[in-house]
Every structure is written in C-alpha cells, then in structure tokens.
Amino acid sequence: MKKPTANRLRRRYTNADHPLVVLRFEDGHEIRVPKGHGKEFDAYEGETIKVIAIYDPTSSEREVLDSRKAEAFDPA
C-alpha cells in the first residue's frame, strides 16, 4: 500500500507594512521579505507558517503577526 503524500503548494506573500517580515516554516527554515517586496515559496498543504515582523535588525526582538496554514496565503 502506497503512503499518502502531502500536496505541495506554490504560494506568495507580499510585505506592504513592516520593515522586514520573516516567514518561518515548520521545518525551521525562514524566508525574509523586505518592505515593498513579495516572495514566492513552496509549502505543504496543512503546514503552519508563522509571519514574524522585525522592526530593528540589531535587536533580537521579534513580533509574531500571524500564524496561518499554507492554504491561507495567496496562490503564486
């Protein structure tokens, strides 16, 4: 019997409001999106992605803006 495979989704995030946003994935990798830019990425269906704002790159302080499933991002 074949194992079920997770569907990979191509999604996009655009940062219009914050100096720098980091998308943190369940496996630990991160994608940085500067203000005024957008990035496309692959994610698995059902994967939770945290949207984190960084206001001061010299500080370790980060603000979690949202935590959403991959399906909730705009299609690429």
Side-chain angles (χ1 to χ4, degrees):
M1 184 172 182
K2 188 177 179 183
K3 283 185 175 181
T5 58
N7 293 331
R8 195 163 70 179
L9 307 171
R10 188 76 177 158
R11 295 296 186 210
R12 179 173 182 78
Y13 178 80
T14 303
N15 176 13
D17 302 321
H18 305 282
L20 180 64
V21 167
V22 173
L23 303 177
R24 181 177 291 152
F25 294 80
E26 287 181 359
D27 66 2
H29 84 277
E30 297 180 344
I31 296 175
R32 295 163 108 49
V33 186
K35 185 174 184 175
H37 290 82
K39 295 263 179 133
E40 291 184 2
F41 57 90
D42 289 329
Y44 290 101
E45 191 172 18
E47 181 175 14
T48 302
I49 302 165
K50 289 185 179 178
V51 181
I52 302 168
I54 300 175
Y55 295 101
D56 180 2
T58 62
S59 169
S60 62
E61 189 174 321
R62 295 176 170 203
E63 179 184 342
V64 177
L65 301 173
D66 197 4
S67 184
R68 51 177 123 148
K69 297 289 184 187
E71 298 87 337
F73 287 90
D74 294 331

message: Working to the nearest 0.5 angstrom, can you tell me the gap between Lys35 NZ and Asn15 CG?
response: 8.0 Å
message: I need the Asp56 CG to Arg62 CZ distance, nearest 0.5 Å.
response: 12.0 Å
message: Can you tell me if Arg8 has over 12 outside heavy atoms packed within less than 6.0 Å of its CZ?
response: no
task: Identify the two heavy atoms, one from Asp27 and one from Glu47, that lie closest to each other, and give their separation to 0.1 Å.
output: N-OE2, 4.4 Å
query: So, does Glu71 use its side chain to make a donor-acceptor pair with the main chain of Gly46 at under 3.5 Å?
result: yes
message: Could you check whether any side-chain N or O of Glu63 sits under 3.5 Å from a backbone N or O of Ala53, counting only pairs where one atom can act as donor and the other as acceptor?
response: no
Arg24: partners by salt bridge (charged side-chain N to carboxylate O under 4.0 Å, His left out), with sequence neighbours left out: Glu30
- request: For residues Arg32 and Leu20, determine if any side-chain heavy atom of one lies less than 4.5 Å from a side-chain heavy atom of the other.
  value: yes
- request: Share the residues that join Val33 in a hydrophobic cluster, the rule being Ile, Leu, Val, Met, Phe, Trp or Tyr side chains under 4.5 Å apart at the heavy-atom level.
  value: Tyr13, Val21, Leu23, Phe25, Ile31, Phe41, Ile49, Val51, Tyr55, Leu65, Phe73
- prompt: Taking all atoms of both residues into account, what is the closest heavy-atom pair of Lys50 and Ser67, and its distance?
  reply: CG-OG, 3.9 Å
- request: Using a 4.5 Å cut-off on heavy atoms from C-beta on, say whether the side chain of Arg12 contacts that of Pro75.
  value: no
query: Looking only at heavy atoms, which two atoms of Lys69 and Thr48 are closest? And how far apart?
result: NZ-OG1, 3.0 Å
